[in-house]
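What follows is one structure encoded as structure tokens, with my remarks underneath.
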Protein chains: 2
Amino acid sequence: MTDLSTEHAVAPRRRRAPRGQGDRLREEIIDATERLLVEKGDQDAVSIRAVADAVGVSPPSIYLHFEDKNELIFAVCERHFARFDAILQAARESEDDPVESLMACGRAYVRFGLENPEHYRILFMTKPEQTPESWTAEKVMGSAAFEHLVEAVAMAIDSIDIQPRPDPVFVSISMWSIAHGITSLLLTHPNFPWPDRDALVEYVLTMPIRGLLPR
Amino acid sequence: MTDLSTEHAVAPRRRRAPRGQGDRLREEIIDATERLLVEKGDQDAVSIRAVADAVGVSPPSIYLHFEDKNELIFAVCERHFARFDAILQAARESEDDPVESLMACGRAYVRFGLENPEHYRILFMTKPEQTPESWTAEKVMGSAAFEHLVEAVAMAIDSIDIQPRPDPVFVSISMWSIAHGITSLLLTHPNFPWPDRDALVEYVLTMPIRGLLPR
DNA sequence: TGTACATCAGTGAACGCGCGTTCACTGATGTAC
DNA sequence: TGTACATCAGTGAACGCGCGTTCACTGATGTAC
């Protein structure tokens with residue numbers, strides 16, 4: 001470590017981008033922000049100055065590429081939400097049986113949250129006012145991720161042929177809230193004497209489906 | 001409104017407490033903090049200065065009664081957690097049938113969260129490091145509230161006589177996580193196009209119990 | 001009944017901090033002539 | 001081939017802000033004599 005008085009990592013001064021490639025800095029800024037977010041584990045600890053230091057650039061340079069801090073965080077969110085969706089899709093396709101496929105989604109959801117706590121926090125646990133503008137519910141609702149979930153639920157429902165056929169959107173939302181419940185509690189109360197984590201996840205994830213089965 | 005330049009409400013300067021009743025200020029401070037918390041709807045917006053202004057006292061006076069800000073927030077938490085437990089207990093006793101009694105608990109839980117969003121946030125949605133010291137999981141786990149839940153679950157289980165008898169603690173935790181899931185999602189995503197809220201709550205709360213019933 | 005004094009419940013002013021953001025600028029690089 | 005110039009990717013220094021907390025203090029109130 002060669003830094004003298006600063007608390008956070010300071011990258012060596014970055015070389016200026018060649019003409020016409022000013023946008024390269026934009027990507028570097030997003031990368032650094034995401035890295036900081038993970039390292040510090042706290043959205044509030046990620047300041048414009050810290051990001052600038054991590055990139056090896058001066059604070060005002062950030063403003064060449066982002067309107068304000070909000071927009072920067074938003075960019076990070078978008079990128080990670082896409083990754084989140086990709087992971088869920090991969091899990092879904094890993095199983096042939098529709099019900100198993102749905103369960104795989106659920107497990108992947110919880111795992112994503114536990115492995116990316118700070119991203120999960122920003123995506124799903126941040127109060128509305130603190131969320132970057134335009135990162136609204138419509139965004140989530142209209143997102144590929146949510147559509148994919150509804151699809152998976154619909155296929156599971158059809159495969160076990162329940163009468164009367166429940167609304168896949170309603171069941172999807174229930175599943176989402178249940179997966180979110182266990183994920184967020186595990187994140188906020190890591191020291192709680194949880195029972196076996198996998199068993200718990202398995203149990204609660206099964207519920208919305210099992211509840212639908214005929215008696 | 002007669003305040004001139006300050007943003008938040010400033011109480012008239014408070015009259016000094018008579019000899020031997022210095023502790024009266026302590027209660028007034030907790031009251032004011034709680035009021036501010038609800039008004040501002042943001043834990044971070046509650047500053048020592050704002051609290052002092054709300055009470056009608058100078059900032060250093062706070063330190064006569066609390067070690068630091070952390071301890072002040074902690075005091076507010078404790079008080080509210082007790083209230084929370086009382087509400088759940090009342091709900092539980094409002095029904096005779098054990099299963100109905102448990103459901104009443106669940107509904108009361110969700111309602112408490114929605115009606116006291118900022119308190120709920122502090123109690124259950126704050127990251128471990130931000131939580132006041134000693135407001136640990138052991139606190140929650142050992143709390144009256146949790147014991148009461150386990151009791152209610154055990155009674156419900158026994159009343160419907162499931163074989164083999166599931167672990168009431170395990171089921172309690174599942175119920176908690178499910179109630180928490182729907183509560184916290186409703187809080188963080190108020191603009192999401194939720195289906196009928198009561199139906200949703202009813203549906204997810206039923207799950208952990210229905211899942212236990214014999215096929 | 002009067003007064004010196006200890007105690008108690010506070011206060012006023014200042015500390016150092018890190019923050020988001022703005023402003024006027026600089027200096028390397030490519031281009032026109 | 002040489003040079004003036006516009007453009008572009010940045011920079012340095014400063015702004016005002018609100019924060020938690022500390023320090024030396026004040027002045028009303030009850031008590032001892």
Side-chain angles (χ1 to χ4, degrees), chain A residues 3 5-29 32-33 36-37 40 42-76 129-130 132-133, chain B residues 3 5-29 32-33 36-37 40 42-76 129-130 132-133:
Chain A
D3 66 327
S5 58
T6 34
E7 263 203 41
H8 47 258
V10 177
R13 185 118 262 173
R14 173 177 170 277
R15 294 198 62 167
R16 180 195 185 134
R19 222 78 187 308
Q21 300 190 30
D23 278 354
R24 244 157 57 172
L25 179 51
R26 192 189 149 90
E27 288 308 304
E28 290 180 41
I29 291 173
T33 306
L36 274 178
L37 210 54
K40 303 242 192 174
D42 183 3
Q43 189 183 172
D44 292 335
V46 176
S47 66
I48 293 283
R49 285 161 215 260
V51 171
D53 278 350
V55 179
V57 105
S58 73
S61 300
I62 309 289
Y63 292 89
L64 297 174
H65 299 277
F66 301 92
E67 262 290 297
D68 52 22
K69 195 187 176 184
N70 205 37
E71 219 193 66
L72 169 56
I73 301 283
F74 177 52
V76 176
E129 313 92 61
Q130 277 179 25
E133 272 168 51
Chain B
D3 66 325
S5 58
T6 35
E7 263 204 40
H8 47 259
V10 177
R13 184 118 263 172
R14 174 177 169 276
R15 294 199 62 166
R16 180 195 184 132
R19 223 74 188 310
Q21 301 190 30
D23 278 353
R24 243 158 56 172
L25 179 51
R26 193 188 149 87
E27 288 307 306
E28 290 181 39
I29 291 173
T33 306
L36 273 178
L37 210 53
K40 303 240 192 177
D42 183 2
Q43 189 182 171
D44 292 335
V46 176
S47 66
I48 293 283
R49 284 160 216 260
V51 171
D53 277 349
V55 179
V57 104
S58 73
S61 300
I62 309 288
Y63 292 90
L64 297 175
H65 300 278
F66 301 92
E67 262 291 296
D68 52 22
K69 196 188 174 182
N70 205 36
E71 219 193 64
L72 168 56
I73 300 282
F74 177 53
V76 176
E129 312 92 61
Q130 278 179 23
E133 272 167 53

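Any value given below was found using the heavy atoms of this structure, including those in side chains, with hydrogens, waters and symmetry copies removed. Residue numbers start from 1 in every chain, and the chains themselves are labelled A, B, ... in the order their sequence lines are given, proteins ahead of strands.
At least one side-chain nitrogen or oxygen of B/Ser47 sits closer than 4.0 Å to the OP1 or OP2 atom of D/dC19. B/Ser61 has a side-chain polar atom (N or O) that falls below the 4.0 Å cut-off from OP1 or OP2 of C/dT11. At the phosphate of D/dG10, OP1 or OP2 sits under 4.0 Å from a side-chain N or O atom of A/Arg14. Here A/Arg16 does not reach the OP1 or OP2 of D/dT7: none of its side-chain N or O atoms lies under 4.0 Å away. At D/dT11, one or more side-chain N or O atoms of A/Arg13 fall inside 4.0 Å of OP1 or OP2 (strictly under the cut-off).
Contact of B/Arg49 with D/dG18 (side chain to base): no donor-acceptor pair of N or O atoms is detected under 3.5 Å.
Residue B/Arg24 is classed as having no contact, given no heavy-atom separation below 4.0 Å to the nucleic acid.
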### Query
What dot-bracket string describes DNA chain C from 5' to 3', counting Watson-Crick and G-U wobble pairs whose defining distances are under 3.5 Å, with [ ] for crossing pairs and | for pairs to another strand?
.||||||||||||||||||||||||||||||||
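Nucleotides of DNA chain D nearest to B/Pro60 and B/Arg15 differ in position, and the one nearer the 5' end is that of B/Pro60. Where B/Asp44 and A/Leu25 meet DNA chain D, the nucleotide closest to each residue was compared, and A/Leu25 sits on the side nearer the 5' end.
In this structure the side chain of A/Arg26 never reaches within 4.5 angstrom of the side chain of A/Leu64, judged on heavy atoms. For the pair B/Thr33 and B/Val55, the minimum side-chain heavy-atom distance is 4.5 Å or more. Counting heavy atoms from C-beta outward, A/Arg14 and A/Leu25 have side chains that approach closer than 4.5 Å.
For B/Gln21, the CD atom is densely surrounded, since the number of other residues' heavy atoms within 6.0 Å is greater than 12.
Distance, B/Tyr63 OH to D/dA24 C1': 17 Å, rounded to whole Å. Look at CD1 on B/Ile62: it is 13 Å from C1' on C/dA9, rounded to the nearest Å. Between A/Glu28 atom CD and D/dG10 atom P there is a gap of 8 Å when expressed in whole angstrom units. Counting to the nearest Å, the P atom of D/dT7 and the CG atom of A/Leu64 are 17 Å from each other. A/Asp42 has its CG atom 12 Å from the P atom of C/dC19, to the nearest Å. Rounding to whole angstrom units, CZ of residue B/Arg26 and P of C/dA9 are separated by 14 Å. Rounded to whole angstrom, the span from the CD1 atom of A/Ile29 across to the C1' atom of D/dG10 amounts to 11 Å. A straight line from CD of B/Gln21 to C1' of C/dG10 spans 15 Å, rounded to a whole angstrom.
Here the side chain of A/Arg19 is nearest to one of D/dT7, C/dT21, C/dA6, namely D/dT7.
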### Query
What do the steps show when you test B/Arg13 against B/Ser58 for side chain to side chain contact (heavy atoms under 4.5 Å, CB included), and what is the final call?
CA-CA 9 Å; B/Arg13 184 118 263 172; B/Ser58 73; 3.9 Å; yes
### Task
I would like to know whether A/Ile29 and A/Val57 meet side chain to side chain contact (heavy atoms under 4.5 Å, CB included); could you show each step before the answer?
CA-CA 9 Å; A/Ile29 291 173; A/Val57 105; 5.7 Å; no
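A distance of 12.5 Å separates CZ of B/Arg24 from CZ of B/Arg16, quoted to the nearest 0.5 Å. Atom-to-atom distance recorded for A/Lys69:NZ and A/Tyr63:OH is 8.5 Å, nearest 0.5 angstrom.
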